2 protein chains.
Amino acid sequence: MSSNHTRIRLIDAAGPIFATKGFEAATVREICHRAGANLAAVNYHFGSKEGLYAATVRQAHPNRLEQRFVPEYAPGTPPADRLRAFVGVLLSRLLELKTTDWQWRLLLREITDPTPMCREMLQGHFRAGFGALLGIIDEVVEPGVPPPRRHQIALSIVAQCVYYRSAASIIPMLVDEEELAAHYHTEALADHVTRFSLAALGLAPPVTTEDHR
Amino acid sequence: MSSNHTRIRLIDAAGPIFATKGFEAATVREICHRAGANLAAVNYHFGSKEGLYAATVRQAHPNRLEQRFVPEYAPGTPPADRLRAFVGVLLSRLLELKTTDWQWRLLLREITDPTPMCREMLQGHFRAGFGALLGIIDEVVEPGVPPPRRHQIALSIVAQCVYYRSAASIIPMLVDEEELAAHYHTEALADHVTRFSLAALGLAPPVTTEDHR
DNA sequence: TATTATATCAAACGGATGTTCGAAAGTCAA
DNA sequence: TTGACTTTCGAACATCCGTTTGATATAATA
């Protein structure tokens, strides 16, 4: 009874800490202190620190998270608009981390440097998002384009989104402060990524033209 | 005299270890053992582990590294070919890490999660590579396209290259083994990234067409 | 109520890490 | 050679870590 209490309190305390610091940097002592539990509680309830981590990731329930990548479109929405929505959702998930819950931040960390135990747990998650993007691409691609090329097209789109997260410390070295504030918020980036990708797909004029948007 | 000897031996031993394990995971004991030096040598010569790390990064950053991103083109090479060369060099630097020297691997690690001390050390490095890419883009873009948009175009190209490094553990979840072997080696990826980007720039037909290459 | 399983607690264990210390060895000018 | 210095070395120190232990409290069961 009360065992569930401290089990839950431990996971709730461990979640934000694992999400922010990662598995190695997080300490059992800090987790127990924040949970108001004894130091030995982790090993009693989860066997080890790894056991607590696995339970925490599992409790971040990837099943419902499959929808996180995929926005809902009204039926009949043209591919270009659906791509914009997809990019917008992905970018906001990647960039607005302060406001997001620890569950998503923890999974995101598993993306960057994955723990072996969580591999198959996240596989379905990624495949759902990837499949949704492929569904958009399939509509605008000639029938003869083979799947491998479609996959690479999808990855080129995802890559642009992910980059603005992984290179967050590099970009300020390359562009000045005003430009950063004006063009590197979520919406502006989503516009650009969509525009660049639509141009590559032949659904928009080349980005070399002066007048777009 | 011999002091320089152990200083150099320590840096030479620390370089590969820092490059593969990172600052935190590397231990002073392993470094000293590999250098054939006493455990106290690090603190005697560099004051602390951080001091050794700073000296190692500093020694890994000769000025010539600015050229690493930038291939040399014959004069008059058309922009499309220069872009292909640029992408090829960047991708090979990012993907072929086993064969690359530890100096580059260490700097690459500083890119992924940078240490505050090395910020300005790497700034010039990145700016050189970014500038080289911008030089290519400037040739194919209409004069009226403002610098911020040019910057984002350059970042979209870099992003695709960097992604294949940071998502190396995700991609095998999405594509099967034969496809991975056939389409995800350096040259094939460089071809695709170049083709996708050239299409976005209006220098190649859209990637949606069946027949390209 | 008596007994048994379950859960909490303080305390310590065993190991690893970066760092410090004092003695020993080496180096070089006077 | 003497003496002052720099450098090496073994040993220990001070912390931190995850984990274990054994006693104690709590709950459930008979």
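In what follows, every chain begins at residue 1, and chains take the letters A, B, ... in the order their sequences are listed. Just the heavy atoms: all of them, side chains too, but no hydrogens, waters or symmetry mates, feed the values below. As the structure is a computational prediction, the values presented were derived from the model and not from experiment.
By the salt bridge (Lys or Arg N to Asp or Glu O under 4.0 Å) test, B/E139 pairs with B/R82, sequence neighbours left out.
Counting only distance, with no hydrogens or angles, the side chain of A/W102 and the backbone of A/I17 share no donor-acceptor pair below 3.5 Å. One N or O on the side chain of A/Q152 and one on the backbone of B/H183 form a donor-acceptor pair closer than 3.5 Å.
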Identify all side-chain donor-acceptor contacts of residues 32-40 of chain A below 3.5 Å with residues at least two apart in sequence or on another chain.
from: A/N38; atom 1: OD1; to: A/A40; atom 2: N; distance (Å): 2.9

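Spacing between atom CZ of B/F46 and atom P of D/dT7 amounts to 12 Å, rounded to whole angstrom units. Between the C1' atom of D/dT7 and the NE2 atom of B/H45 lies a distance of 6 Å, rounded to the nearest Å. In this structure, A/Y53 places its OH atom 14 Å from P of D/dG18, rounding to the nearest Å. To the nearest angstrom, P of D/dT6 lies 15 Å from CZ of B/R7. In this structure, B/H33 places its NE2 atom 18 Å from P of D/dT8, rounding to the nearest Å.
A/T6 has a side-chain polar atom (N or O) that falls below the 4.0 Å cut-off from OP1 or OP2 of C/dT8.
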When you check every protein heavy atom under 4.0 Å of nucleotides 10-20 of chain C, what one-letter string (B, S, -) results, 5' to 3'?
-> B-B----BBBB
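Centroid-to-centroid, the aromatic rings of A/Y53 and A/F18 come within less than 6.0 Å.
The nearest pair of heavy atoms linking A/Y163 to B/V162 is CE1-CG2, 3.8 Å.
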